[in-house]
Amino acid sequence: MPKAVKSIISGCLVLCLLAVLSGTTVFATMVAYGSEKAGYMVSTEQLRKKTNTFDDSALNKKYKSYMTYGAKAWKNCGVITLKRSKSSVNKVTTYRQSDTTILAYAQCTPDYKSGKIKKFKIKFNTLKMDSQTTARNKSVAAHEIGHTFGLLDLYEKRNEDKLMYGINIKDNAKPTAKDIKGAKYATRK
């Protein structure tokens with residue numbers, strides 16, 4: 001077996017082992033547009049709709065206020081409008097898990113024919129978020145909403161000012177010009 005192939009296989013095995021040991025699920029997502037260097041990355045699975053709904057009726061008042069902040073942050077930059085609807089297929093709920101560092105996550109279900117996101121779920125880990133500030137939790141909600149229309153996490157230090165930076169979200173974060181550029185691509189017709 002060629003040395004390059006062995007290196008690739010070894011690298012993949014190390015990543016899988018790290019994922020198993022950390023209790024984190026690793027998702028391989030293809031980037032359709034942008035890069036870490038560009039300051040935004042858009043998934044191959046995108047919403048491509050300017051208006052969408054979500055059902056957060058299962059949330060308490062505090063967590064609903066986080067969703068309100070996040071939806072307003074994206075609406076104010078002219079990218080997307082999110083409205084509450086109890087009949088929405090897009091659900092926002094909570095869960096409690098202590099053995100993780102994850103505050104929240106978004107799970108998008110694609111329509112494989114069109115490549116568009118057909119529905120999403122956002123889940124807030126109340127066990128972790130309840131120990132954070134309100135300002136931080138509002139940013140978490142805005143960040144997760146970014147995933148629902150196709151934006152991916154950024155991890156390079158150069159992007160730590162972006163809303164979609166996936167390591168440490170700043171208090172009361174709003175979409176930056178780069179976040180907005182990626183979002184406009186994701187929601188194009």
Side-chain angles (χ1 to χ4, degrees), residues 24-25 27 29 32 40 42-153 162-166 169-175 179-180 182-189:
T24 303
T25 304
F27 297 98
T29 304
Y40 56 88
V42 181
S43 169
T44 53
E45 298 163 356
Q46 301 150 24
L47 187 60
R48 297 186 188 152
K49 286 169 60 175
K50 297 284 185 186
T51 303
N52 213 342
T53 60
F54 64 92
D55 175 10
D56 66 354
S57 59
L59 300 182
N60 66 29
K61 186 176 177 180
K62 177 172 63 172
Y63 281 85
K64 283 183 181 184
S65 75
Y66 304 154
M67 282 300 293
T68 298
Y69 174 89
K72 188 174 179 182
W74 284 107
K75 181 181 179 182
N76 286 348
C77 61
V79 175
I80 191 165
T81 300
L82 290 167
K83 299 178 180 180
R84 282 187 170 89
S85 171
K86 288 185 180 182
S87 62
S88 178
V89 297
N90 303 312
K91 304 296 182 189
V92 184
T93 60
T94 61
Y95 71 106
R96 295 177 65 79
Q97 184 177 354
S98 62
D99 61 343
T100 182
T101 58
I102 296 172
L103 298 175
Y105 68 89
Q107 178 183 16
C108 300
T109 304
D111 176 335
Y112 290 105
K113 287 184 180 180
S114 69
K116 296 178 184 179
I117 295 170
K118 66 179 179 181
K119 67 180 181 177
F120 64 80
K121 293 178 189 175
I122 294 176
K123 292 190 153 230
F124 296 117
N125 185 354
T126 58
L127 199 61
K128 296 296 180 177
M129 288 182 69
D130 284 348
S131 65
Q132 302 291 314
T133 65
T134 296
R136 174 75 43 90
N137 290 339
K138 287 178 177 180
S139 299
V140 168
H143 174 95
E144 296 307 326
I145 289 170
H147 289 310
T148 69
F149 49 86
L151 294 180
L152 298 172
D153 283 331
K162 313 295 186 300
L163 177 62
M164 295 311 297
Y165 186 63
I169 297 172
K170 298 186 179 344
D171 293 355
N172 291 322
K174 293 183 173 96
D179 292 310
I180 294 167
K184 284 182 178 177
Y185 182 85
T187 57
R188 77 199 185 287
K189 294 287 183 191

Undergrad: Quick one, Phe54 with Phe120, criterion side-chain contact (heavy atoms from CB on, under 4.5 Å). Give me CA distance, side-chain angles, the key distance, then yes/no.
TA: CA-CA 9 Å; Phe54 64 92; Phe120 64 80; 4.1 Å; yes
Undergrad: Starting at CE of Met67, measure out to CD of Glu144 and round the result to the nearest 0.5 Å.
TA: 9.5 Å
Undergrad: Return yes if some donor-acceptor pair links the side-chain N/O of Ser139 with the main-chain N/O of Ala135 below 3.5 Å, else return no.
TA: yes
Undergrad: Considering non-hydrogen atoms only, spot the tightest contact between Val79 and Ala183 and give its length.
TA: CG1-CB, 3.4 Å
Undergrad: Before giving the answer on side-chain contact (heavy atoms from CB on, under 4.5 Å), spell out for Thr51 and Lys83 the whole-Å C-alpha distance, their side-chain angles and the decisive distance to 0.1 Å.
TA: CA-CA 8 Å; Thr51 303; Lys83 299 178 180 180; 4.3 Å; yes
Undergrad: From Asn60 CG over to Thr94 OG1, what is the distance, rounded to the nearest 0.5 angstrom?
TA: 7.5 Å
Undergrad: Would you say Gln107 and Lys123 make side-chain contact, with heavy atoms under 4.5 Å?
TA: no
Undergrad: Check whether any side-chain heavy atom of Thr109 sits under 4.5 Å from a side-chain heavy atom of Lys121, and report yes or no.
TA: no
Undergrad: NE2 of His143 to CG of Asn137: how many Å apart, nearest 0.5 Å?
TA: 13.0 Å
Undergrad: Would a 4.5 Å heavy-atom cut-off, applied to side chains only, mark Val140 and Met129 as touching?
TA: yes
Undergrad: Could you grab the distance from atom OG of Ser131 to atom CG of Leu103, nearest 0.5 Å is fine?
TA: 7.5 Å
Undergrad: Could you walk me through whether Tyr66 and Thr134 pass side-chain contact (heavy atoms from CB on, under 4.5 Å), step by step?
TA: CA-CA 8 Å; Tyr66 304 154; Thr134 296; 3.9 Å; yes
Undergrad: Where do Lys174 and Leu163 come nearest, in terms of heavy atoms and distance?
TA: O-CB, 3.9 Å
Undergrad: Just so I know, are the side chains of Thr148 and Leu47 near enough to count as touching, which here means a heavy-atom distance under 4.5 Å?
TA: no
Undergrad: Is it the case that the side chains of Ser85 and Thr53 hold a donor-acceptor pair, with the cut-off being a distance below 3.5 Å and no angle test?
TA: no
Undergrad: Do the side chain of Asn125 and the main chain of Ile102 share a donor and acceptor less than 3.5 angstrom apart?
TA: yes
Undergrad: If you compare all heavy atoms of Ile180 against all heavy atoms of Cys77, which two are closest, and at what distance to 0.1 Å?
TA: CD1-CB, 3.4 Å
Undergrad: Regarding Asn52 and Asn90, do their side chains bring together a donor and an acceptor under 3.5 Å, going by distance alone?
TA: yes
Undergrad: Quick check against the 3.5 Å criterion: does Lys162 have a side-chain atom that pairs as donor or acceptor with the backbone of Pro175?
TA: no
Undergrad: Taking salt bridge (charged side-chain N to carboxylate O under 4.0 Å, His left out) as the cut-off, I'd like each qualifying pair that reaches into residues 57-72, sequence neighbours left out, listed once.
TA: Lys62-Asp130
Undergrad: Answer whether the closest heavy-atom distance between the side chains of Lys75 and Leu82 falls below 4.5 Å.
TA: no
Undergrad: Looking at Asp55 and Lys91, is there a salt bridge between them, counting it only when a charged N and a carboxylate O are closer than 4.0 Å?
TA: yes
Undergrad: Return the set of residues passing salt bridge (Lys or Arg N to Asp or Glu O under 4.0 Å) with Arg188 (not counting sequence neighbours), or none when no residue passes.
TA: none
Undergrad: With heavy-atom distances below 4.5 Å as the criterion, would you say the side chains of Ile80 and Lys50 are in contact?
TA: no
Undergrad: I'd like to know if Asp171 and Arg136 make a salt bridge, using a cut-off of under 4.0 Å between side-chain N and carboxylate O.
TA: yes
Undergrad: Any side-chain heavy atom of Trp74 within less than 4.5 Å of one from Asp179?
TA: yes
Undergrad: Does a donor on one side chain and an acceptor on the other come within less than 3.5 Å for Thr68 and Arg84?
TA: yes
Undergrad: Applying ring-ring contact (aromatic ring centres under 6.0 Å, His included), name anything that partners Phe124, two or more places apart in sequence or on another chain.
TA: Tyr63
Undergrad: Below 6.0 angstrom between ring centroids: does that apply to Tyr105 and Tyr95?
TA: yes
Undergrad: Heavy-atom distance under 4.5 Å between the side chains of His147 and Asp153, does that happen here?
TA: yes
Undergrad: Roughly how far, to the nearest 0.5 Å, is CD of Gln46 from CD1 of Ile117?
TA: 7.5 Å
Undergrad: What closest approach, in Å, do Asn172 and Lys138 show between heavy atoms, and which atom pair accounts for it?
TA: OD1-CD, 3.8 Å
Undergrad: Would you name the heavy atoms of Ala186 and Val42 that are closest together and state the gap between them?
TA: CB-CG1, 3.7 Å
Undergrad: Indicate the atoms forming the closest heavy-atom contact of Lys86 with Ser57, along with that distance.
TA: CE-CB, 4.0 Å
